[in-house]
Amino acid sequence: MKIFNSLTGKKETFKPKVKNQVSIYICGLTPYDDIHIGHARTFINFDVIVRFFKFTKYKVNYVRNITDVDDKIILRAKEDGISVLDLSKKYIEEMHHDFSSLGIEDPDQEPKVSDHINEIIAMIKSLEDKGYAYTKNDSDVYFDVQKYDDYGSLSNRSLDQISSSERIIKDLNKNHEADFVLWKTNTDGISWPSPWGEGRPGWHIECSAMSIKYLGEEFDIHGGGLDLKFPHHENEIAQAKCATQKNFASTWMHTGPLRIEDEKMSKSLKNFITVKEILNKFHPEVVRLFFLLTHYRNPISYSNDGLSNAKKILDRFYLAFNKKNISKEFSEDNSLIKDYELAMKDDFNTPKAIKILQSYIGNLEKTSDDNLNKFGSLKKILNSLGLFKDEPENYFKYGDLDIQENEIELLINERNRARENKDFGLADDIRTKLKAKGIVLEDLEGKTVWKKS
RNA sequence: GGCUGAGUGGCAGAGUGGUCAUGCAGCGGAUUGCAAAUCCGUCUACGCCGGUUCGAUUCCGACCUCAGCCUCCA
């Protein structure tokens, strides 16, 4: 298995700390709003990565945190007039609902900041004891980046580069511009007692503290969206290494960014599309396949055309399994499994893996019907990617309708009567009328079925 | 300005030093009352300029263009 390690910038052979076991920590999200398709991309990518480890018989310990104490949450809670933890609880529920809709499996652990204040304080204390943390004039507690020689090694930047950056805002209490807050002495919204007074954790420290608690001071994989690489992950590494004097995570993985119709999607641009919105239009597996059609490290441009294309590809798989003469007793084809694993073992090359499945289905259909029972391995692989879990009938009817289902049935009956009477003009009018509503009719042997286009 | 990555056919998107990516779309045909699905056939490619090589889309160098990060972000 080869994985691209962001820390070294190279594809490396993956060597877990314990044979056939993987410890993996993924930075989850800050719950203060509905999740958007950028989140969907990242967590679907890691879902597939974790599923593949399991597929190849690794024992996986997957931790994905929730940052439920944060300035944005506090601000939003104030606006809504509710408590900080009530607000985050609400959006955690929404997140679970949306993840579940997308077929994202639960992690083994899902730690929250508010439940780990003691661990966080202990880590800051340890940093302070070792001389890596400081406070001035009753300021927040800062991490002293100049005390840590390797600062910037993940994101390839030096302290000089950071302090010469154009967007720096001077904070007089800091020793260096890149110093970041470990403990905020701010009691607004939510706070806990600490050796540095009432306050709350800064951003970054929670992930170092929680990953170490659940996976140990050294573990296999740490990942998240590319936008977390700097400063979040850089700071996590600095804190964790300085506090423990150990190596922290050995492999760092970052998923590529998502753009919307060729424009960057970001919180500040407010141009994000929520998962709920997209699921009104597209089946969750179409969304999933759309993301898997691009390698996890490459940027994706979200577009309706892209989703439609993914739908066509997934339709093909569902159609193949929907043949009337197909046996339910599928047999296995080890050569397909082998080809699939080969593609995935090369840094989780899902586009290549899916290409293999697409060609396979075409070749099998071209030969003989007997071969169709070889679909067993294909089904197994699709399922392991989180695809082909639905019933074909549900799949093809998924999405908002502009017309009642019973009305469709009535029109189908009317059309079939017209066909019996050879009134093809009327029959075609009905077909056209339904098509305008996004309904496609198919005349199969003895019956007519409908689908969403 | 700094760091990182990318430029492939109408579109999406892999990959490789010398026969095909693949899929969608298009075009022609089979099939169908018409469709859908399926099948057969078919077209379009590797940013620009040099270098290495018997041969480069693939390796090396320059150039151009684009994107991400350097602010909140998955």
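Side chains are part of it too, since the values below use all heavy atoms of this structure and drop only hydrogens, waters and symmetry mates. Within every chain, numbering begins at 1; the chains are lettered A, B, ... in the order of the sequence lines, protein sequences first and strands thereafter.
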Rounded to whole angstrom, note down the P distance from B:C59 over to B:U8. 15 Å
Dump the intermediate steps for side chain to side chain contact (heavy atoms under 4.5 Å, CB included) on A:Leu382 and A:Phe321, then the final yes or no. CA-CA 12 Å; A:Leu382 286 169; A:Phe321 283 96; 4.1 Å; yes
Could you pick out which residue, A:Leu29 or A:Asn349, lies toward the 5' side of RNA chain B when each is mapped onto its nearest nucleotide? A:Asn349
May I ask you to check whether A:His116 and A:Tyr214 show a side-chain donor-acceptor distance below 3.5 Å? yes
Of the listed nucleotides (B:A35, B:G13, B:A74), which one gets closest to any side-chain atom of A:Thr294? B:G13
Mind calculating the distance between NZ (A:Lys10) and P (B:U4) to the nearest angstrom? 14 Å
If we take the P atom in both B:C24 and B:G61, what is their distance in whole Å? 39 Å
Side chain of A:Gln358, heavy atoms from C-beta onward: which of B:G33, B:U22, B:A74 has the nearest atom to it? B:U22
May I ask which nucleotide in the shown strands pairs with B:A21, Watson-Crick or G-U wobble, both distances under 3.5 Å? none
Any donor-acceptor N/O pair under 3.5 Å between B:G68 base and A:Arg259 side chain: no
Between B:G15 and B:A25, how far is it from one C1' atom to the other, in whole Å? 22 Å
Tell me the interatomic distance from A:Glu234, atom CD, to B:C70, atom C1', rounded to whole angstroms. 12 Å
Would you say the base of B:C24 and the side-chain of A:Asp305 have a donor-acceptor pair closer than 3.5 Å? no
Pair A:Thr251, A:Glu12: side-chain N/O donor-acceptor within cut-off below 3.5 Å: no
Output the rounded distance in Å from NE2 (A:His295) to C1' (B:U22). 17 Å
No-hydrogen, no-angle side-chain donor-acceptor test under 3.5 Å, A:Asn235 and A:Tyr151: yes
Can you check whether A:Lys352 has a side-chain N or O nearer than 4.0 Å to OP1 or OP2 of B:A21? no
Using the C1' atom in both, what is the distance from B:U65 to B:A56, to the nearest Å? 22 Å
Which listed nucleotide (B:G33, B:A21, B:C69) is nearest to the side chain of A:Phe230? B:C69
Could you check whether A:His232 and A:Glu236, counting side-chain N and O atoms only, form a donor-acceptor pair closer than 3.5 Å? yes
Check whether the side chains of A:Tyr360 and A:Asp333 place a donor and an acceptor atom closer than 3.5 Å, and report yes or no. yes
Whole-Å gap separating P (B:C72) and CG (A:Asn235): 10 Å
Name the orientation class of the two ring planes belonging to A:Phe53 and A:Phe348 (parallel below 30°, tilted from 30 to 60°, perpendicular beyond 60°). perpendicular
Applying the 3.5 Å cut-off to both distances, the Watson-Crick or G-U partner of B:U65 turns out to be B:A6
For the side chain of A:Asp227, counting heavy atoms from C-beta on, which of B:A36, B:U22, B:C73 is nearest? B:C73
Side chain of A:Leu228: nearest nucleotide among B:G33, B:C24, B:A74? B:A74
Can you find a donor-acceptor pair, distance only, under 3.5 Å between A:Arg431 side chain and B:G33 base? no
Which of the following nucleotides, B:C70, B:A74, B:G23, is nearest to the side chain of A:Ile313? B:G23
First encountered from the 5' end of RNA chain B, between A:Ser155 and A:Lys451: A:Ser155
A:Leu319 has a side chain; which of B:A37, B:C69, B:C72 sits nearest to it? B:A37
Does the plane of the ring in A:Phe272 sit parallel, tilted or perpendicular to the ring in A:His36? Use 30° and 60° as the thresholds. tilted
Inter-nucleotide C1' distance (B:U16, B:G68), Å rounded: 27 Å
Please give the distance between the P atoms of B:A62 and B:G5 as a whole number of Å. 14 Å
Rounded P spacing from B:C27 to B:C46 in Å: 24 Å
Select one nucleotide: of B:G33, B:C70, B:C24, the one nearest the side-chain heavy atoms of A:Arg157. B:C70
With a 3.5 Å cut-off and heavy atoms only, can you find an N or O donor on one side and an acceptor on the other between the side chain of A:Arg41 and the base of B:A74? no
Checking all strands, does A:Gly224 fall into the base, sugar-phosphate, or nothing category for heavy-atom contacts under 4.0 angstrom? sugar-phosphate
Which nucleotide, if any, forms a Watson-Crick or G-U wobble pair with B:G1, using both distances under 3.5 Å? B:C70
In Watson-Crick or G-U wobble terms, both distances under 3.5 Å, what is the partner of B:U38? B:A30
Does OP1 or OP2 of B:U38 have a side-chain N or O of A:Arg316 closer than 4.0 Å? yes
If I pick the C1' atom on B:A45 and the same atom on B:U53, what distance separates them, to the nearest angstrom? 23 Å
Which base sits across from B:U53 as a Watson-Crick or G-U pair, both distances under 3.5 Å? none
